[in-house]
Q: 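For reference, the structure I am asking about is given below.
Hydrogens, waters and symmetry mates play no part in the numbers below; they use all other heavy atoms, side chains included.
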Amino acid sequence: MKRILMILCLMVSVVYASAQRTAETRERWNREMRQYKHDYLSKALDLSGEQQTRFLALYDAMENERRAIFKEVRRQQADIEKRGNAVSDAEYEKAAENAFLVKQREGAVEMKYYKEFKTVLTKKQLFKLKGAEKDFYDNLRKHRHGKKSGKNKK
């Protein structure tokens with residue numbers, strides 16, 4: 001019995017350590033990606049030092065709000081899937097409505113920050129922002145696709 005208990009404790013500690021490493025790896029990856037995106041947008045928009053400091057703080061706040069919206073909807077969907085047949089029609093309807101409202105809510109957050117970006121960026125930089133974001137994600141997809149296929153498309 002002691003031996004089984006020791007093996008069980010060892011297995012739990014290994015699983016816990018692995019989960020902790022995964023969380024640390026994800027957090028490091030998120031920090032690196034945020035820094036890469038900061039660098040990319042700063043260069044694409046040709047930000048001055050002061051603009052960079054002010055804009056990136058606002059941009060990160062906007063990203064955090066957008067991320068919270070998606071996280072809330074994903075959490076709700078996961079909860080419904082987990083509960084299976086124990087979900088009411090009203091709960092299905094509310095979850096569906098929330099999923100359909102994601103873009104509208106995201107747009108409201110972006111417009112809120114657009115007004116703040118106007119105090120930091122020039123008109124030209126404001127115009128270039130959405131294109132720079134699109135280019136960033138396009139480049140990210142190309143890089144990821146190139147990695148998966150074993151090719152380096154630079």
Side-chain angles (χ1 to χ4, degrees), residues 1-42 44-45 53-121 126 128-153:
M1 183 68 171
K2 285 184 181 181
R3 181 176 244 185
I4 291 173
L5 196 56
M6 284 181 29
I7 291 172
L8 190 58
C9 286
L10 179 63
M11 288 174 58
V12 168
S13 65
V14 167
V15 168
Y16 177 77
S18 176
Q20 190 173 8
R21 277 194 304 272
T22 301
E24 290 169 359
T25 301
R26 187 174 326 138
E27 179 60 31
R28 186 179 67 241
W29 184 86
N30 285 337
R31 280 193 311 270
E32 289 172 2
M33 286 306 300
R34 186 176 61 241
Q35 184 59 51
Y36 177 64
K37 190 172 189 181
H38 283 180
D39 295 344
Y40 189 92
L41 291 175
S42 294
L45 300 177
T53 302
R54 292 177 58 207
F55 169 74
L56 293 175
L58 288 170
Y59 191 84
D60 284 346
M62 180 183 75
E63 289 283 287
N64 289 339
E65 284 189 44
R66 289 172 37 183
R67 195 173 300 112
I69 292 168
F70 291 116
K71 189 175 184 178
E72 174 191 329
V73 171
R74 282 192 305 270
R75 188 179 322 117
Q76 187 176 32
Q77 290 171 338
D79 179 55
I80 284 179
E81 289 174 6
K82 182 174 131 184
R83 291 176 45 212
N85 292 333
V87 180
S88 71
D89 283 347
E91 290 171 312
Y92 275 126
E93 183 177 4
K94 184 64 178 168
E97 182 179 338
N98 283 341
F100 279 92
L101 287 172
V102 164
K103 288 183 181 180
Q104 181 180 357
R105 292 173 64 194
E106 181 184 20
V109 168
E110 287 186 354
M111 284 307 298
K112 173 181 136 182
Y113 282 92
Y114 167 76
K115 292 172 184 171
E116 294 188 47
F117 292 155
K118 286 171 61 170
T119 66
V120 177
L121 302 175
L126 274 171
K128 291 171 70 175
L129 176 57
K130 293 310 271 181
E133 285 179 314
K134 181 187 178 312
D135 290 345
F136 172 80
Y137 287 113
D138 287 349
N139 288 334
L140 202 57
R141 274 189 285 283
K142 286 178 189 176
H143 178 72
R144 188 178 324 145
H145 177 66
K147 252 186 168 175
K148 283 183 181 177
S149 67
K151 299 175 187 173
N152 192 358
K153 296 182 178 183

Q: To the nearest 0.5 Å, what is the distance between OG1 (T25) and CG (N30)?
A: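 With rounding to 0.5 Å, OG1 (T25) is 11.0 Å from CG (N30).
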Q: Please list every donor-acceptor pair under 3.5 Å in which a side-chain atom of residues 98-114 meets a protein atom from a residue at least two apart or in another chain.
A:
from, atom 1, to, atom 2, distance (Å)
N98, ND2, Q76, OE1, 2.8
R105, NH2, E72, OE1, 3.1
E106, OE2, R66, NE, 3.2
E106, OE2, R66, NH2, 3.4
E110, OE1, K130, NZ, 3.2
E110, OE2, R66, NH1, 3.0
E110, OE2, K130, NZ, 3.2
K112, NZ, E65, OE1, 3.2
K112, NZ, E65, OE2, 2.7
Y113, OH, E65, OE2, 2.6

Q: Roughly how far apart are Y36 OH and L41 CG, rounded to 0.5 Å?
A: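 CG of L41 is found 10.5 Å from OH of Y36.
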Q: Do you know the tightest heavy-atom contact between A86 and R83?
A: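 Closest approach of A86 to R83, heavy atoms only: O-NH2, 3.0 Å.
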Q: Mind running side-chain contact (heavy atoms from CB on, under 4.5 Å) on Y137 and L140 for me, showing each step along the way?
A: CA-CA 5 Å; Y137 287 113; L140 202 57; 4.3 Å; yes
Q: State the CZ-CD distance between R54 and E116, to the nearest 0.5 angstrom.
A: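 So the gap between those two atoms works out to 10.0 Å.
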Q: Quick one: closest heavy-atom pair of E91 and I80, and the distance?
A: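 Smallest heavy-atom distance, with atoms named: O-CD1, 3.6 Å.
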Q: For the side-chain contact (heavy atoms from CB on, under 4.5 Å) test, which of R28, Q35, R34 pairs with E32?
A: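 Option passing the side-chain contact (heavy atoms from CB on, under 4.5 Å) with E32: R28.
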Q: Flag the pair F55 / L129 as yes when at least one side-chain heavy-atom distance between them is below 4.5 Å, and no otherwise.
A: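 The answer is yes; the side chains approach within 4.5 Å.
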Q: Would you say N139's side chain and D135's backbone share a donor-acceptor pair under 3.5 angstrom?
A: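 Indeed, once roles are kept as given, a pair shorter than 3.5 Å links the two residues.
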Q: Would you say the side-chain atoms of K37 pair up with the backbone N or O of F136, donor to acceptor, closer than 3.5 Å?
A: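 The answer is no, because no donor-acceptor pair under 3.5 Å joins these two groups.
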Q: With rounding to the nearest 0.5 Å, note down the distance linking CD in E24 to CD in E27.
A: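 Rounded to the nearest 0.5 Å, the CD-CD separation comes to 10.0 Å.
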Q: A quick test of your reading: do over 12 heavy atoms of other residues, nucleotides or ligands sit less than 6.0 Å from CG of D138?
A: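 More than 12 heavy atoms, drawn from other residues, nucleotides or ligands, come within 6.0 Å of this atom.
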Q: Rounded to the nearest 0.5 Å, what separates atom CG in L126 from atom NZ in K128?
A: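 NZ of K128 is found 12.0 Å from CG of L126.
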